[in-house]
Amino acid sequence: MCGIVGYIGTQAATDILLAGLEKLEYRGYDSAGIATVWEGEVNCVRAKGKLHNLRSKLEQIETPAQIGIGHTRWATHGKPEEYNAHPHMDTAKRVAVVQNGIIENYRELREELKGKGHQFVSETDTEVIPHLIAEFLKNLPPSSSSSPLLEAIRQAVNRLHGAFALAVISADYPDELIVVRQQAPLVIGFGQGELFCASDTPAIVSYTRAVLPLENGEIARLTPLGVEIYNFAGDRLKKQPRLLNFNPAMVEKQGFKHFMLKEIHEQPGVVRASLEAYFNPAESTESPINLGLPADLYTDLEQIQIVACGTSWHAALIGKYLLEQLAGISTQVHYASEYRYAASPVTANTLIIGVTQSGETADTLAALAMEKERRQGKEPKYQARLLGITNRPESSLGHLVPHIISTLAGIEIGVAATKTFTAQLMAFYALALDLAARRQTVSKDILEKIINGLRQIPKEIEATLESQERLTEQLAHEFAETKDFIFVGRGINFPIALEGALKLKEISYIHAEGYPAGEMKHGPIALLDAKVPVVAIAIPGSVYEKVISNAQEAKARDSRLIGVTPVKDGEAGEIFNDLLPVSDVEELLSPILTVVPLQLLAYHIAARRGLDVDQPRNLAKSVTVE
Ligand code: M6R
């Protein structure tokens with residue numbers, strides 16, 4: 001949440017900061033601002049709303065400043081107004097700060113600083129930081145430090161409680177850009193005679209691939225001479241940048257109207273990449289699954305606890321189904337935000353899995369950190385049994401857990417998760433099959449059959465995409481003004497009902513709920529009438545007839561029925577008012593297909609309503625605050 005960028009070098013900073021913020025807008029878009037140092041002053045320009053508002057303001061201001069910081073905000077403390085926009089400054093306007101995170105003790109600091117004559121002009125937690133730095137700067141004994149700014153910031157961050165990443169500049173130290181990381185991401189980029197910093201790599205990859213992600217509790221001083229890194233105690237640390245493997249084309253729309261639509265269409269490629277990475281070729285004599293995880297991670301495993309949020313939580317529910325049904329391991333799925341305050345009892349033979357595409361979701365990280373801590377001091381088996389599933393292995397999650405399954409979706413820009421969900425499902429298929437193979441809970445033939453089925457999925461998604469574009473667009477035309485939607489599914493497709501409802505809610509702002517179809521009659525069916533359409537996912541297999549009966553019950557209450565189902569015979573056409581046909585694949589593999597029409601339906605409804613599909617209101621791609 002919130003994106004920060006910084007630049008120090010020989011080019012005009014403003015353009016570089018704006019270009020960086022554009023790539024970070026997915027992290028929040030309530031307001032944006034930049035501050036540069038030029039002619040002994042901090043020049044700060046901020047605007048409410050999206051980045052183009054800031055861009056328009058900056059058109060009238062030309063500054064050749066070669067140092068600056070920028071911010072795109074997802075409001076936590078204080079309304080999304082210009083006076084709350086970052087950068088924030090101290091009373092004398094000599095120090096400017098951008099922050100991503102939350103300062104938990106800001107009230108107490110604010111009162112303390114007010115008592116010392118500091119004047120505050122915003123409602124934010126961040127504003128205490130420049131004031132605190134200014135206060136420490138004022139009180140530093142003369143020539144006590146080679147970099148007074150660094151020292152004042154070091155003292156200030158030691159007073160802050162919470163999770164934060166900072167970038168700081170000062171009119172009095174025009175050759176220093178100081179950055180800090182404490183449980184919020186911050187990466188430094190090394191260019192030719194220039195240095196960058198950002199919350200995420202897309203903001204800097206067009207300039208450099210040489211990056212150094214800071215670790216928690218680190219401060220870096222960026223100057224024309226290079227980078228110095230320290231811990232919060234002030235000890236100098238030695239670190240080397242590494243080269244990033246990144247394709248800039250991934251952060252372009254490539255002819256699609258929105259990133260979300262492009263990302264939906266990338267799903268066949270994501271499944272192909274996952275098949276190639278996680279499974280050995282059919283003719284191989286080795287184990288069919290290759291996740292690169294150590295065998296002792298699985299030894300004597302008794303149960304699995306999964307923590308996740310949002311769409312990742314839905315993927316985890318499908319993971320639970322696969323792990324229990326294929327590998328016979330009891331699995332619980334928890335909202336990370338709940339688990340961190342009410343964890344299940346810890347045992348040596350429990351594997352904990354954190355699922356987060358960004359690898360930066362605060363609740364998921366906190367749940368895993370808590371789990372890691374309570375396993376500390378126990379035998380090694382406890383400590384090893386932490387696994388992350390993420391699309392960003394270089395993220396905070398990557399530093400937190402000993403084992404990672406990298407999902408292979410490529411960077412996802414649309415705030416609504418689509419291809420990363422599919423990639424997470426592929427990771428769970430591979431994990432469940434790996435466990436099933438090692439525990440011998442399924443025969444070799446069945447294993448082979450499932451893997452062969454997975455190999456057919458990319459072309460089935462392609463066929464679905466081709467047939468569904470027009471159908472979902474037509475339905476969107478009819479449902480664009482609908483107020484409520486219900487999605488139902490059962491078994492392995494119940495989480496797809498939840499995901500379909502979440503997609504619709506978050507980008508179209510239409511109220512939608514997902515239910516296990518059998519639960520409808522226990523209450524929610526009271527909501528149904530001719531104005532409430534019901535989308536039913538009905539895939540031949542263990543619960544097909546049950547879902548069809550539940551759909552009939554909805555139809556009897558006048559709901560218009562939309563079926564996500566294979567059209568094999570005339571039956572589907574008779575039951576459903578509208579059809580979103582999918583190929584007739586094994587029920588066990590069907591979620592990777594059934595989610596596609598629901599993503600498209602949500603997309604086309606939102607686009608039809610003229611909404612900002614890629615940056616829906618109130619949301620941010622990485623939820624880095626609790
Ligand atoms: O990065 P994460 O997978 O941890 O993100 C979790 C949720 O914030 C995320 O899935 C969110 O629900 C998306 N907006 C869903 O489309």
Side-chain angles (χ1 to χ4, degrees), residues 1-3 25-29 74 100 163 183-185 199-200 258-261 263-264 267 306-319 333-340 353-369 388-398 400-401 404-407 409-425 427-428 487 495-496 498-509 512 514 595-596 598-603 606 611-626:
M1 251 144 192
C2 299
E25 228 188 344
Y26 71 88
R27 299 177 72 89
Y29 27 83
W74 186 85
N100 165 30
Q183 284 167 24
S199 302
D200 199 358
H258 294 98
F259 279 109
M260 181 181 175
L261 190 58
E263 287 156 1
I264 291 173
Q267 291 177 113
I306 311 181
V307 292
C309 304
T311 287
S312 295
W313 188 78
H314 297 157
L317 290 177
I318 292 175
V333 180
H334 306 270
Y335 288 114
S337 53
E338 294 294 321
Y339 190 82
R340 60 186 291 193
I353 306 179
V355 189
T356 160
Q357 79 79 20
S358 63
E360 299 295 350
T361 297
D363 285 317
T364 309
L365 294 179
L368 290 168
I389 298 181
T390 183
N391 206 39
R392 307 296 297 273
E394 74 285 6
S395 64
S396 303
L397 179 80
L400 187 63
V401 295
I404 287 280
I405 301 178
S406 295
T407 55
I411 193 146
E412 188 176 69
I413 303 284
V415 163
T418 51
K419 63 173 180 170
T420 51
F421 174 71
T422 300
Q424 289 168 342
L425 295 191
F428 273 118
F487 291 75
I496 297 298
L498 295 176
E499 179 60 9
L502 178 62
K503 287 290 89 87
L504 189 64
K505 274 186 266 211
E506 66 181 338
I507 61 169
S508 75
Y509 318 147
V595 74
V596 175
L598 303 188
Q599 294 168 340
L600 283 172
L601 183 65
Y603 169 79
L611 299 172
D612 191 342
V613 173
D614 287 330
Q615 295 180 340
R617 71 183 180 201
N618 304 340
L619 298 182
K621 184 85 184 153
S622 303
V623 183
T624 56
V625 293
E626 188 177 350

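If you're wondering where the values come from, they're calculated on a predicted model, not measured in any experiment. Atoms within each ligand, like the ligands themselves, are counted from 1 in listed order. Values reported hereafter were calculated over all heavy atoms of this structure, with side chains retained and with hydrogens, waters and symmetry mates removed.
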For residues F421 and L502, determine if any side-chain heavy atom of one lies less than 4.5 Å from a side-chain heavy atom of the other.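 F421 does not reach L502 side chain to side chain.
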Are E360 and T356 packed together at the side-chain level, in the sense that at least one heavy-atom pair is separated by less than 4.5 angstrom?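 Result no, sub-4.5 Å side-chain heavy-atom pair not found.
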Below 3.5 Å, N or O to N or O, backbone or side chain included: is there any such pair between [X] and ligand 1?
X    : answer
T364 : no
V355 : no
T311 : yes
Q424 : no

Please state which protein non-hydrogen atom is closest to [atom] and give its distance, to 0.1 Å?
atom                   : answer
atom 8 (O) of ligand 1 : V623 CG2, 3.8 Å
atom 7 (C) of ligand 1 : C309 O, 3.7 Å
atom 1 (O) of ligand 1 : S358 OG, 2.6 Å

Check ligand 1 against [X] and write out every atom of the ligand that is under 4.0 Å from a heavy-atom position of the residue.
X    : value
A417 : 15 (C), 16 (O)
V415 : 13 (C), 14 (N), 16 (O)
A416 : 16 (O)
K503 : 15 (C), 16 (O)
S312 : 2 (P), 3 (O), 10 (O)
E506 : 13 (C), 14 (N), 15 (C), 16 (O)

Just how far is it from atom CZ of R392 to atom OG1 of T407, taken to the nearest 0.5 Å?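 Taking CZ in R392 and OG1 in T407, the distance rounds to 10.0 Å.
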Going from CG on L601 to CG on L504, what distance comes out if it is rounded to the nearest 0.5 angstrom?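 L601 atom CG to L504 atom CG measures 6.5 Å (nearest 0.5 Å).
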Short question: side chain of S406, backbone of N391 - any donor-acceptor pair under 3.5 Å?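 A pair under 3.5 Å: no.
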E360, portion touching ligand 1 at heavy-atom distance under 4.0 Å: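 Near ligand 1, E360 shows nothing, with every heavy atom at 4.0 Å or more.
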Begin with the C-alpha distance, continue with both residues' side-chain angles, and end with the deciding distance and a verdict on side-chain hydrogen bond (donor to acceptor under 3.5 Å, both in side chains) for T418 and Q267. CA-CA 8 Å; T418 51; Q267 291 177 113; 5.1 Å; no
Nearest non-hydrogen contact with atom 5 (O) of ligand 1 belongs to which option: T407, T361, L397?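 Residue with the shortest heavy-atom distance to the ligand atom: T361.
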Would you call the rings of H334 and Y339 parallel, tilted or perpendicular if under 30° counts as parallel and over 60° as perpendicular?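 It falls in the tilted class, 30° to 60°.
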Mind checking whether L619 has a heavy atom under 4.0 Å from ligand 1?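 Per 4.0 Å heavy-atom rule, L619 does not contact ligand 1.
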Would S622 count as a contact of ligand 1 if the rule is a heavy atom under 4.0 Å away?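 Outside the 4.0 Å threshold, so no.
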Please report the closest heavy-atom contact between [X] and [Y], naming both atoms and the distance.
X    : Y    : answer
A316 : V355 : CB-CG2, 4.5 Å
I404 : G398 : CD1-CA, 4.0 Å
S622 : Y26  : OG-CE1, 4.0 Å

Can you list the steps and then say if Q183 with S396 is a side-chain hydrogen bond (donor to acceptor under 3.5 Å, both in side chains)? CA-CA 8 Å; Q183 284 167 24; S396 303; over 6 Å; no
